Amino acid sequence: QVQLVESGGGLVQAGGSLRLSCVASGRTFIFSYHGMGWFRQAPGKERDFVAGVNWSGGTTYADSVKGRFTISRDSAKNTIYLQMNSLQPEDTAVYSCAASSTAAAGPETLYHSWGQGTQVTVSS
């Protein structure tokens, strides 16, 4: 019942930065009622939780990105962002946003809707 569209991926050198965006839309989707998260998946690997922001603005980060990535949300635009700094080759993956079925947005939260993803490639 919600459509998610990511953008902002690309090719950067190690140490560089990217800002990802995810716009949510849907007739019955109330953005501020749902937690939102970012996930990533590299070829041959499982999908991993990266960061989440709950309905009240509280954030959660994977240990691998703490201090480098920042998740935020703009309720007026139905959009979440992922600011990625100090990127490393290990960050190379397809990054997808997801909408939680609840107000929470942690790694164990149930997410019911997913975007198609945007490719992030970090060269060494």
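Note that the structure is predicted; figures quoted are calculated from it, not measured.
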Using links of under 4.5 Å between side-chain heavy atoms of ILVMFWY residues, direct or through other members, which residues join L11 in one cluster?
none
Linking I/L/V/M/F/W/Y whenever their side-chain heavy atoms sit closer than 4.5 Å, directly or via other members, would V94 and L20 fall into one cluster?
no
Does one hydrophobic cluster hold both M36 and V120, with members joined at side-chain heavy-atom distances below 4.5 Å?
yes
Minimum-distance pair of heavy atoms, taken over all atoms of A99 and V2:
CB-CG1, 4.2 Å
Within the 6.0 Å centroid threshold, strictly below: F39 and W114
yes
To the nearest 0.5 Å, tell me how far S113 OG sits from H34 NE2.
8.5 Å
R40 side, atom CZ; T92 side, atom OG1 - distance, nearest 0.5 Å
9.0 Å
About how many Å separate CG of L4 and OG1 of T79, when rounded to the nearest 0.5 Å?
10.5 Å
Can you tell if the side chain of R19 reaches within under 4.5 Å of the side chain of S17, non-hydrogen atoms only?
no
Closest approach of W38 to S21 (non-hydrogen atoms, all atoms of both residues):
CH2-O, 3.7 Å
If I take atom CE from residue M84 and atom OG1 from residue T70, how far apart are they, to the nearest 0.5 angstrom?
11.0 Å
To the nearest 0.5 Å, what is the distance between CD1 on I80 and CG on D74?
11.5 Å
More than 12 heavy atoms of other groups within 6.0 Å of Q41 CD
yes
Side-chain heavy atoms under 4.5 angstrom apart, residues restricted to Ile, Leu, Val, Met, Phe, Trp, Tyr: same cluster for V23 and L18?
no
Restricting to non-hydrogen atoms, name the atom on A42 and the atom on A93 that form the minimum distance, rounded to 0.1 Å.
N-CB, 3.9 Å
Do L87 and F69 make a side-chain contact, defined as non-hydrogen atoms from C-beta onward lying under 4.5 Å apart?
yes
Please determine whether residues V50 and Y81 belong to a single hydrophobic cluster, defined as Ile, Leu, Val, Met, Phe, Trp and Tyr linked transitively by side-chain heavy-atom distances below 4.5 Å.
no
Polar side-chain atom of E6 near backbone of G117 as donor-acceptor pair, under 3.5 Å:
yes
What pair of heavy atoms forms the shortest contact from L82 to Y95, and how long is it?
CD2-CD2, 4.1 Å
I'd like to know if the side chain of Y61 and the backbone of I71 have a donor-acceptor N/O pair within less than 3.5 Å.
yes
Do you know the tightest heavy-atom contact between Y111 and A105?
OH-C, 3.1 Å
Under a 3.5 Å distance rule, please check whether S100 uses its side chain to pair with a backbone N or O of G35 as donor and acceptor.
no
Nearest 0.5 Å please: distance from the OG atom of S123 over to the CD atom of Q88.
10.5 Å
With sequence neighbours left out, which residue pairs that include part of residues 26-55 fulfil the disulfide bond (SG atoms under 2.5 Å apart) condition?
none
Atom of V122, atom of D91 and distance for their closest heavy-atom approach:
CG2-CB, 4.4 Å
